[in-house]
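Labels below follow one simple rule: chain letters A, B, ... track the order of the sequence lines, proteins then strands, and each chain is numbered from 1. This one's a predicted model, so the numbers in the text were calculated from it and none came from an experiment.
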Protein chains: 2
Amino acid sequence: MSTEQFTRGPAMRDVAAAAGVSAQTVSRVLNDHPNVQDSTRRRVMAVIEELGYRRNNTARALVTGKSRTLGVLTLATNNYSRSSLALGIELGAREAGYTVNSVTSSLSATALTDAVSRLVHQGVDGIIIAAPLQDAAEQVRHITARIPTVNTDGSSSMGERMVGVDQDIAAVLATRHLLDLGHKTVWHVAGPADWSDAASRLNSWRRTLKEAGREVPPELHGDWSPESGYRNGLILARMPEVTAILVASDEMAFGVLRALTELGRRIPEDVSVVGIDDIDLAAFSNPPLTTIRQSFEDTGRRAVHRLVSQIAHPEEAIAPDLVAPTLVIRSSTAPPPPGS
Amino acid sequence: MSTEQFTRGPAMRDVAAAAGVSAQTVSRVLNDHPNVQDSTRRRVMAVIEELGYRRNNTARALVTGKSRTLGVLTLATNNYSRSSLALGIELGAREAGYTVNSVTSSLSATALTDAVSRLVHQGVDGIIIAAPLQDAAEQVRHITARIPTVNTDGSSSMGERMVGVDQDIAAVLATRHLLDLGHKTVWHVAGPADWSDAASRLNSWRRTLKEAGREVPPELHGDWSPESGYRNGLILARMPEVTAILVASDEMAFGVLRALTELGRRIPEDVSVVGIDDIDLAAFSNPPLTTIRQSFEDTGRRAVHRLVSQIAHPEEAIAPDLVAPTLVIRSSTAPPPPGS
DNA sequence: CCTAAGATTGTTATCCATAACAGTTTTCTC
DNA sequence: GAGAAAACTGTTATGGATAACAATCTTAGG
């Protein structure tokens, strides 16, 4: 237990005094300016070492206007994509010598605005919006116009500040896979309508079916939770004509699998199921889940790199940086049952 | 694309000038000091509103020595416990009016030390060590001695700065449940030896068996990943005498379930499996997983509250704040097969 | 009506590092 | 060896908010 008072460490002036130079010289040594004599530099370094001096970042930030801190806006939910994205951002930031300041927000426009302005207020150098909400970027544009910003929302429609996995392709890959197996059509358990990922996947699924000349069944909606997948699975399990289901996330897919199993539909013999995300557990469901792999961690890293270079060169033109996801075939998909 | 220069917002002096008062008065209004006339206060508020003035936190931090920022040290892994803990911390911090500055670290002592000193250097007001490593707290004590610190490591042996779920109880509950069902003994797939959670669970499992006078089988070790659970499951599945398994995390338990299923051992008829954590997906495994529930999100919140009050009253005595986990019985556990 | 106490507001110093500028010394060139 | 260029180092102003202190203005009591 530390009842002792927090003692302020030595300041630059203390180092300067001990080394017999001015504070400015210490600053120059610290910032690797060329115009310092080698002997002086060594002397200052020695004193810094001896006194255990560390530069005060707060003062630095005040005078330079740069905090070497990145702001990250995430949604207050705990799903796989959010957390691995956050991890990627952390790692990327560390590699780039930045610190991460994260705030969570709920869905509402005011909450978003508030969260972003809290970040700006905190003095971050740039912002990563890791909240894949429809129009999230638009809603806060009036705040972020003045500060480097990157979106990890994978909807390519959202403009040039985008980094992520191409969400349009994800659902196309999944739907095609099921059609290629011989299914007449594909049902879809979508995510919440206000999430851009969910919307992209929904649109791509629909478009793919149409392009293949198939009937487009009505979509069902979940909230990303396994429970919501389960509830929708209970409905789909009662419909004999359903032989193929695309679920908008692996977590919901687990719920769908469970519901189908409980109602006696065999996977993949009776019904094929495809998820999206390829979470760590996807290979260990029963049966192992065919899914679309997209590396959120990598996305986080790329977002940081993009943001950092934008901070360094604000004038430079930027282009979206979208990566294609890949199909991972496991055991939850097969050709439709013969009679169907 | 914002090529326009970042324009500094209005400063306190601008507000002061516009309101015809001194900067100090503005400061007093902002800080709710009593000695400001109501008319003055209203006038200042109006100008603040009109100019869209926001206080500069960097300057504030410099002069007060408080940044209203909490440092969080997490491990660079993406498992359920880590991410929900992080979420709880975020939410708690927001409620308390704090911002979160997070850094990740690997296992090594130097990485830990480095990460913590980065936080201190950043000027955080307090630190939450959310890295459940054996002796993590000890390793960084020389740095954290001077700054309020809280551990979310659930091993009650670690001293008074502890907040979390009592890890000792978790494994006891699980083991007892299996013994109560009639199993002769319980096998254990443990986590990595250097994680304190894993160590507590291992010890408690062992102790519980001994106290019940049962044979203690050799433990198996995983690395928290579903894959490692799968590998260990393949081993256990080949041993006919294994009828009950306690797995140190739900994620590994998914792997164990999968391996058992693949090798034809029925759950729970042939083998009972208990996990720990109660992740969202645990209710949707095949079969649904009996597990030990512990709310990491709640732990995160409590850690923040504790830390904030410690920051406010550094002198006050503190006591560990451990919460008991609960047993959630689902379908993966049953009495042992008759002949065993 | 005067003075002490209280309320309100302003002035100045401070936190720490850095940029801009200025001064001094060294080095080079013709 | 003078003059110019380069190298090195110091001084001062700056960023924005706040604490401590000082000053002014009210109000109440005698």
Side-chain angles (χ1 to χ4, degrees), chain A residues 5-45 47-48 51-69 97 99 120-125, chain B residues 5-45 47-48 51-69 97 99 120-125:
Chain A
Q5 269 309 310
F6 173 74
T7 356
R8 253 204 183 78
M12 202 179 252
R13 71 159 61 104
D14 301 319
V15 175
V21 296
S22 77
Q24 180 60 59
T25 301
V26 178
S27 171
R28 275 191 273 251
V29 169
L30 254 16
N31 293 317
D32 275 329
H33 270 250
N35 293 352
V36 180
Q37 219 162 11
D38 237 35
S39 58
T40 311
R41 168 166 279 128
R42 276 198 302 274
R43 187 151 38 96
V44 171
M45 296 287 247
V47 173
I48 287 174
L51 264 52
Y53 167 76
R54 297 215 65 176
R55 211 164 12 176
N56 180 319
N57 272 329
T58 310
R60 231 178 141 200
L62 177 61
V63 71
T64 58
K66 301 270 156 220
S67 57
R68 293 201 75 78
T69 294
T99 268
V120 173
H121 190 205
Q122 269 293 319
V124 299
D125 293 344
Chain B
Q5 270 310 311
F6 173 74
T7 356
R8 257 206 179 76
M12 202 178 251
R13 71 158 62 103
D14 301 318
V15 175
V21 297
S22 77
Q24 181 59 57
T25 300
V26 179
S27 171
R28 274 190 274 252
V29 169
L30 255 15
N31 293 316
D32 276 330
H33 271 250
N35 293 352
V36 179
Q37 218 161 9
D38 237 35
S39 59
T40 311
R41 168 166 278 127
R42 275 198 302 275
R43 186 152 38 95
V44 171
M45 296 286 246
V47 173
I48 286 173
L51 264 51
Y53 166 76
R54 296 216 63 178
R55 208 160 22 171
N56 180 319
N57 273 328
T58 310
R60 212 162 121 87
L62 178 61
V63 72
T64 58
K66 301 270 154 221
S67 57
R68 293 202 75 79
T69 295
T99 268
V120 173
H121 191 203
Q122 269 294 321
V124 299
D125 294 345

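Of the listed nucleotides (D:dC8, C:dA17, C:dG10), D:dC8 has the atom at the smallest distance from the side chain of A:Q37. Of the listed nucleotides (C:dT11, D:dA17, C:dA17), C:dT11 has the atom at the smallest distance from the side chain of B:S22. In this structure, of C:dT11, C:dT18, D:dA17, it is C:dT18 that holds the atom nearest to the side chain of A:S27. When each of D:dA7, C:dT18, D:dG16 is scored by its nearest atom to the side-chain atoms of A:T64, the top-ranked nucleotide is C:dT18. Proximity note for A:V36 (side chain, C-beta onward) versus C:dT8, D:dT9, D:dT18: the nearest is D:dT9.
In this structure, A:M12 atom CE and C:dA19 atom P are separated by 10 Å, rounded to whole Å. When the C1' atom of C:dA17 is taken as reference, atom CZ of A:R54 falls 15 Å away, rounded to whole Å. If you take CZ of A:R28 and C1' of C:dC21, they are 11 Å apart, rounded to a whole angstrom. Between the C1' atom of C:dA7 and the CZ atom of B:R41 lies a distance of 13 Å, rounded to the nearest Å. Rounded to a whole Å, the NE2 atom of B:H33 is 14 Å from the P atom of C:dT8. Atom-to-atom, NZ of A:K66 to P of D:dT14 comes out at 21 Å; the value is rounded to the nearest Å. Following rounding to the nearest Å, A:D14 (CG) and C:dC16 (P) show an atom-to-atom distance of 8 Å. At whole-Å resolution of the value, CG in A:L51 and P in C:dC16 are 14 Å apart.
B:T99 OG1 to B:N57 CG: the interatomic distance, rounded to the nearest 0.5 Å, is 7.5 Å. Distance CZ/A:R60 to OG/A:S27: 8.5 Å, rounded to 0.5 Å. With rounding to the nearest 0.5 angstrom, the CG atom of B:D125 is 8.0 Å from the OG1 atom of B:T64. To the nearest 0.5 Å, atom CZ of residue A:R42 and atom CD of residue A:Q37 are 10.0 Å apart. Here CD of A:Q122 is found 8.5 Å from OG1 of A:T69. Values are rounded to the nearest 0.5 Å.
Side-chain contact between A:I48 and A:L30 is present, with heavy atoms from C-beta onward closer than 4.5 Å.
Judged by distance alone, with hydrogens and angles left aside, B:R13 brings no side-chain donor or acceptor close enough to the base of D:dG15 to form a pair under 3.5 Å. Scanning atom types as modelled, one donor and one acceptor separated by under 3.5 angstrom connect the side chain of B:Q24 and the base of D:dA19. Side-chain atoms of A:R60 stay outside donor-acceptor range of the base of D:dG15, with no qualifying N/O pair under 3.5 Å.
Between B:Y53 and D:dA17, a side-chain N or O to OP1/OP2 separation shorter than 4.0 Å is present. Applying the 4.0 Å criterion to OP1 and OP2 of C:dT18, one finds that A:R55 has a side-chain N or O inside that range. The phosphate of D:dA17 (OP1 or OP2) has no side-chain N or O of B:T58 nearer than 4.0 angstrom.
Contact record, B:T58 with A:L62: CG2-N, 3.5 Å, taken as the closest heavy-atom pair.
At the heavy-atom level, B:V26 lies nowhere under 4.0 Å from the strands shown. Within 4.0 Å of A:N56, counting heavy atoms only, lie sugar-phosphate atoms of the nucleic acid but no base atom. Using a 4.0 Å heavy-atom cutoff across all strands shown, A:N31 reaches sugar-phosphate atoms only and no base atom. Here B:T40 lies in heavy-atom contact (under 4.0 Å) with sugar-phosphate atoms only.
With B:R43 contributing its side chain and B:A19 its backbone, the two residues share a donor-acceptor pair below 3.5 Å. Between the side chain of A:S67 and the backbone N or O of A:G123, at least one donor-acceptor pair lies under 3.5 Å.
When the nearest nucleotides of DNA chain C are assigned to B:A59 and B:T25 by heavy-atom distance, the more 5′-ward of the two goes with B:T25.
Using five terminal pairs a side, the axes of the helix from C:dC1-D:dG30 to C:dC30-D:dG1 at its two ends make an angle of 40°, given in steps of 10 degrees.
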